[in-house]
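In listed order, ligands and their atoms are each counted from 1. The chain is numbered in sequence order, starting from 1.
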Amino acid sequence: LSAEGARLRESAIRRMGALMANAPDLISFAPGYPDESLFPWDAFREITARLLASEDGRAMQYGATRGYRPLVETCVELMRDRGIAADPADVVVTTGSQQGLDLIGRVLCDPGDVILMELPSYVGAISAFQNIGADLVGVPQEADGLDLEALDAVTRRLRADGRAVKALYTVPNFQNPTGLLVGLEKRRALLEWAARADVLIIEDDPYGALYFDDVTRPEETRAIAADADPADARVIYLSSFSKTLVPGLRTAWIAAPPPIAVKIELAKQSVDLCTSPFDQRVVHAACRDGVLARQLPVLRAAYREKRDVMATALESALGAAVRWTMPRGGFFLWVQLPDGLTGDALLARAHARGVIYVAGEPFFVDGRGQEFVRLAFSSASHDRIGEGIRRLAAAINEADRA
Ligand SMILES: Cc1ncc(COP(=O)(O)O)c(C=O)c1O
C-alpha cells in the first residue's frame, strides 16, 4: 500500500450507515440524509421519461468534464440569486461536493501544507483533505463563527514556523455538525482577514437554502463569496443539489477563480472524466421546470417542523441534563452530554436501545469533542424522532447511573 492507502480509514458516519442497514428497527440520527418522503418523485418520473423517450445519445454519452453547459448556466443563475457574480468560466460541475472538496485539496495542497479548519468541522472535508496529505489545523468557533483573534494568531504562528497556510475551510450556513450560522459581520471580517493574510477561503454551502424562517432571514445566509472582489480571487465556493433535490444524482458544483477552475477541471478528468450526463440533465430539467423552486419552501417548512419535534422531545426527556443551541436551518442538532459522559461511551448503550448518532470527536481535527454528539433530525419521521430521543434519554440516564 501507498502511504495514502495505508492511512485510509472508514468515516464515522459511513460506519453508522452500515449499522443501520442491518437493523430495521434502529432509529438513526447518524447520517445527514434528506427525508426520502420529500423527494420529488412525480417530477423525476416525468423528466426521466422525457429524457429517455428523446433517445438523445448525448444524455448517455460521455460529456464535458466542466459539466453539461445548460446546468453550468443554471449554477451561475442560482449563485446570482445568492448575490454571487459568477461566470460559466468559474464553474465545474462535480460528482457531489464531496468530489469537489477532494479536487480542491489536490490542486491547492502539497503534503504538509496547512488548511485551517473550524473546530468542529465537516468530517467529509477532514478526510478529503487528510487523504491528500494536508495538515489540518483547528481554529475555535464562537457563537457567531470563527474566533478571528485565534485565527490570526494560529496563522501567524504557523507562518513563523515556515508552514504554507493555503486555505481556510468554512461552512457558514447551518454548519455540519453544529448547525451554526455565521454572523454577517463575521463573514465580512473573515473576508478582510483572508485578503490581509493572503489565505484562500473554501466556502462550502450545501445548506444555505434550508433556513428556518421563524428565526432566520434569507439575507442572513448571504454567501461570503457574494462580497468577494473578483479581482482578488479569494473565495472558492461550493454548493450541491444533494440536500435540496436528491443526493443520489450526485450533482454539485464549484465556482473558483478561473485559473483554479482550470486546474480543478484537469484534476477531475483523471478522476471520473465527467459527472453523469444523464443525472446532470435531470437536475437541469428540475431547475428549469421549477421543481427546485417549488421544493425549497416545502423543505424549509418540513425540516423546521422536524427540528421542533426533536428539540421538544429533548427538552421533555432530558431537560437541563444536556445542552444544545436551537438550529436556525439545516439538518443538525449538536448536543453537549452531561459532565463526564462521552459520545463514544454512550454509543454502545444507545445502540443497544435502538438509536444511533455520530459521536463528536471525528469532527474535531485537534482530537477533542468527546462530550458532543451530532443528531440529524432530517431523515426520520416525527414519530421516529420522538421515539429515538426517548431511547437516547434512557441510554443517557442509564449511563449517568452507572
Ligand atoms: C458541509 C458538507 N459539505 C459537503 C457535503 C457532501 O455533499 P454531496 O452530497 O454534494 O457530496 C456534505 C454532505 O453531508 C456536507 O454536509
J.: Look at Asp161 together with Arg163 and state whether they make a salt bridge at an N to O cut-off of under 4.0 Å.
T.: no
J.: Under 4.0 Å from ligand 1, counting heavy atoms only, is it the side chain of Arg250, its backbone, both or neither?
T.: side chain
J.: Within 45° of the axis and under 6.0 Å from the centre of the six-membered ring of Tyr68, does NZ or CZ of Arg281 qualify?
T.: yes
J.: Quick check on ring-ring contact (aromatic ring centres under 6.0 Å, His included): which of Tyr303, Phe331, Tyr122, Phe212 does Tyr207 satisfy it with?
T.: Phe331
J.: Please identify which atoms of ligand 1 are closer than 4.0 Å to at least one heavy atom of Gly96.
T.: 8 (P), 10 (O), 11 (O)
J.: Looking at Asp152 and Leu148, would you say the former's side chain and the latter's main chain have a donor-acceptor pair under 3.5 Å?
T.: no
J.: With the threshold set at 4.0 Å, does a side-chain nitrogen-carboxylate oxygen contact exist between Asp25 and Arg384?
T.: yes
J.: What part of Gln175, side chain from CB on, backbone N/CA/C/O, both or neither, has a heavy atom under 4.0 Å from ligand 1?
T.: neither
J.: Strictly below 4.0 Å, N to O, side chains only: are Glu192 and Arg188 in salt-bridge contact?
T.: no
J.: Which atoms from ligand 1 have a heavy atom of Pro206 less than 4.0 Å away?
T.: 1 (C), 2 (C), 3 (N), 15 (C)
J.: Nearest protein heavy-atom contact for atom 13 (C) of ligand 1: which residue, which atom, what distance?
T.: Lys243 NZ, 3.2 Å
J.: Which bit of Phe241 gets closer than 4.0 Å to ligand 1, counting heavy atoms only: side chain, backbone, both or neither?
T.: neither
J.: Regarding Arg234 and Asp227, does a basic nitrogen lie under 4.0 Å from an acidic carboxylate oxygen?
T.: no
J.: State the atoms of ligand 1, each with its element, that fall below the 4.0 Å cut-off from a heavy-atom position in Ser240.
T.: 8 (P), 10 (O)
J.: For atom 3 (N) of ligand 1, grab the closest protein heavy atom and report residue, atom and distance to one decimal in Å.
T.: Asp204 OD2, 2.6 Å
J.: For Asn176, counting its heavy atoms only, list the atoms of ligand 1 lying under 4.0 Å from any of them.
T.: 14 (O), 15 (C), 16 (O)
J.: Does a side-chain N-to-carboxylate-O contact under 4.0 Å join Arg222 and Glu219?
T.: no
J.: Below 4.0 angstrom, N of the basic side chain to O of the carboxylate: do Asp35 and Lys306 qualify?
T.: yes
J.: Which residue and non-hydrogen atom of the protein lie closest to atom 6 (C) of ligand 1, and at what distance in Å?
T.: Tyr122 OH, 3.5 Å
J.: Select one of side chain, backbone, both or neither to describe which atoms of Ser97 lie under 4.0 Å from any atom of ligand 1, heavy atoms only.
T.: both
J.: Who's the nearest protein heavy-atom neighbour of atom 16 (O) of ligand 1, and how far?
T.: Tyr207 OH, 2.7 Å
J.: Evaluating non-hydrogen atoms only, which member of Gly248, Ser242, Ala376, Ala125 is closest to atom 9 (O) of ligand 1?
T.: Ser242
